Amino acid sequence: MEQIIKVPDIGTNAKVDVIEILVKVGDKIEIDTPLVTLESDKASMEIPSSECGIVKSIEVKIGDKIEMGDVILHLEAEEPAVKIIKQDVESHEPAVAEPPPKVATNTLQTFYIPDIGSSASVDIIEIFVKAGDAVDIDTPLLTLESDKASMEIPCSIKGTIQTVLVKLGDKVKTGDAVLTILGEAKSEAPAPITTQTSVSTIQTEKIPQTIKTSMAITSSESTDTMILAGPAARRLARALGVSLSAVKGSGKKDRITLEDIEQYVRHRMQQPTSPAASPFSLPVSEFIDFSKFGEIETQSLSKIKRLSGQNLHRAWLQIPHVTQFDEADITDLEAFRKDQGTIFEKEGVKLTILAFICKAVARALQQFPDFNASLSPDGQSLIYKKYINIGIAVDTPAGLVVPVIKNACQLSIRELAIKMGELSQKARQKSLTPADMTGGTFTISSLGGIGGTAFTPIVNYPEVAILGVSKSSIQPVYLNNQFVPRLMLPLSLSYDHRVIDGAQGARFTKFLSSLLSDIRKIML
Ligand code: CAO
């Protein structure tokens, strides 16, 4: 049977350009196979197939202007591998392209990735369910991992899983279809993907599941997203590890085509590997075959470790670091904390020393705004932030993550303690969202619960300073002509020496130390 594939609703009535044709006559295609890339003046979008079969004829060519309803191609139709259609449980008869159900009934529904707080694609690193599994509201379905966080995605439909549409390692983003569930429909019509934490929509018509749109011109996400390239070219570039900013586009308005990427890779492969460019370049590390000396085992690093490693390495190489050491006499503070701690404990709040440190740091940042700034990309100016968002480094089994306490200076010590408890628990349960981890202006890394006397933390770029806190201990302090035992807290402040000079660094830690030594000063 012949099928006609037409341009679906592309969100505009205007004609758009055909800029890529991704299939040819004779190709065997499945549902969701990308067919063509269309481009308006704002975005490029890939049109996936709504049917499976063999391509008989293609009715458009590159440069054509087309609109919704125009014929793209003809298919010799085959039975689809996965049909996402409404299905009556009792009769098992497929209902094709019916209007949305009017009453609650068991229907085949599609579960989509809810709003994950970022438009970027993230990796699927765990799938907890399979076809045939019964699921309920909040049953964990998958774990997603971005460069910043891992998050578990809970189910929002009660029913039985019919098809899992994704596999480990796939990249998905908000709105992507994940699985189909035969369950109770509560909605009359497909609900839009909104900014709630857990959202699903009901797909009842035989229409393409996703129209993948890549913002072609206006985007602030990254340099690569501001370059003109279709989704297929972007996919190939990602697969080959090619940065689009390095590729010269040969298409209209310098658009990067699939051929441009292939050409770029061919060219790079032909280039000889050059020796170190200057005596100051980093020497190449020689790989040592450790198995020559004994048994070894190689384990890959977690994604969080790999990415935080890259960020730390970049910051270490690019920022001229200086670390200022100091200490604070927290004898009185600790007595006060212990005293108040028992009261807080009854209310289920753990009043940690870190909450006091965070409050004091927020106050110090108000006093020394350079520490709450960022250097402009050209290195010519300082960007002062009028908000104080403090990142707290949290050690988790998967690696180091830095959730951010927003507007820390407006929170009480009690509120800071509660917020810290919530964020570190979320971090350890892998449920931090990208929004929990962005927007920081200064970071605190506390190893005080573990031990050590001092360390040199690496500045969390694009911030300009980070405070390291080590374990407090009783020290003999010379006061009023005699040595007295005092509880001393070691502080290690690393800063970007391009922004902060040594005197400022010492003044900052002295101020912080004076606040912690007499906590009443925080109120001044
Ligand atoms: N001196 C002495 N004792 C300290 C202390 C300090 N500076 N800081 C914390 N402690 C004590 C606490 O009071 C607590 O004791 P009790 O259980 O008897 O009350 C104990 O150490 C454990 O504290 P904690 O670590 O659970 O809580 P916290 O608020 O101090 O820290 C958090 C929370 C999330 C920062 C911490 O758990 C963590 O992950 N730290 C590691 C951060 C890290 O890896 N940094 C390195 C970054 S660079 O690679």
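In listed order, ligands and their atoms are each counted from 1. These numbers were taken from a predicted model, which means no experiment stands behind them. When a residue number appears, it is its place in the shown sequence, counting from 1.
Not a single protein heavy atom sits closer than 4.0 Å to atom 15 (O) of ligand 1. For atom 24 (P) of ligand 1, the nearest protein heavy atom lies 4.0 Å or farther away. Shown here, atom 8 (N) of ligand 1 is in close reach of the protein: a heavy atom of it lies under 4.0 Å off.
Under 4.0 Å from ligand 1, heavy atoms of S472 appear from its side chain as well as its backbone. For I353, every heavy-atom contact with ligand 1 shorter than 4.0 Å involves the side chain, none the backbone. Here E345 has no heavy atoms under 4.0 Å from ligand 1, in either its backbone or its side chain. In E334, neither the side chain nor the backbone holds a heavy atom less than 4.0 Å from any atom of ligand 1. For S470, every heavy-atom contact with ligand 1 shorter than 4.0 Å involves the backbone, none the side chain. Only the side chain of L400 comes within 4.0 Å of ligand 1, counting heavy atoms alone; its backbone N, CA, C and O stay farther away. For L489, every heavy-atom contact with ligand 1 shorter than 4.0 Å involves the side chain, none the backbone. Contacts of K350 with ligand 1, taken as heavy-atom pairs under 4.0 Å, involve the side chain alone.
From the protein, the heavy atom lying nearest to atom 3 (N) of ligand 1 is G448 O, 3.6 Å. With hydrogens left out, the protein atom closest to atom 21 (O) of ligand 1 is G449 CA, 3.2 Å, a heavy atom. For atom 31 (O) of ligand 1, the closest non-hydrogen atom on the protein side is L354 CD2, 3.7 Å. In terms of protein heavy-atom proximity, atom 45 (N) of ligand 1 is nearest to S445 OG, 2.8 Å. Protein heavy atom closest to atom 36 (C) of ligand 1, with residue, atom name and distance, is R428 NH2, 3.8 Å. The closest protein non-hydrogen atom to atom 43 (C) of ligand 1 is L447 CD2, 3.5 Å.
The option from K471, R337, K338 that lies nearest to atom 13 (O) of ligand 1, judged by heavy atoms, is R337. Between V469, D395, T352, it is T352 that holds the heavy atom closest to atom 29 (O) of ligand 1. The option from S446, A355, G451 that lies nearest to atom 41 (C) of ligand 1, judged by heavy atoms, is S446.
Relative ring orientation between W316 and H321 is described as tilted, the plane-to-plane angle lying within the 30° to 60° band.
Closest of all the heavy-atom pairs between C358 and M420 is CB-CE, 3.5 Å.
Rounded to the nearest 0.5 angstrom, I413 CD1 and R337 CZ are separated by 11.5 Å. We find the CZ-OG1 distance between R486 and T331 to be 3.5 Å, quoted to the nearest 0.5 Å.
The number of heavy-atom neighbours closer than 6.0 Å to NZ of K171, taken from other residues, nucleotides and ligands shown, is above 12. Other residues, nucleotides and ligands contribute only 12 or fewer heavy atoms inside 6.0 Å of the CG atom of N480. The environment of CZ in F325 is crowded: more than 12 heavy-atom neighbours from other residues, nucleotides or ligands sit within 6.0 Å.
Between D436 and K426, at least one side-chain N (NZ, or NE/NH1/NH2) sits under 4.0 Å from a carboxylate O, which counts as a salt bridge.
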inquiry  = salt bridge (charged side-chain N to carboxylate O under 4.0 Å, His left out) for K303 and D123? Distances and angles first, verdict last.
reply    = CA-CA 10 Å; K303 189 165 178 194; D123 291 328; 2.6 Å; yes
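A donor-acceptor pair under 3.5 Å is absent between the side-chain atoms of N372 and the main chain of P369, judged by distance alone.
Applying the side-chain hydrogen bond (donor to acceptor under 3.5 Å, both in side chains) rule to pairs touching residues 502-511 yields D326-T509, D370-Q504, sequence neighbours excluded.
Every salt bridge (charged side-chain N to carboxylate O under 4.0 Å, His left out) that K130 has, sequence neighbours left out, goes to D133.
Between F368 and F511, the distance from one ring center to the other falls under 6.0 angstrom.
Distances below 4.0 Å separate heavy atoms of S424 from the following atoms of ligand 1: 34 (C).
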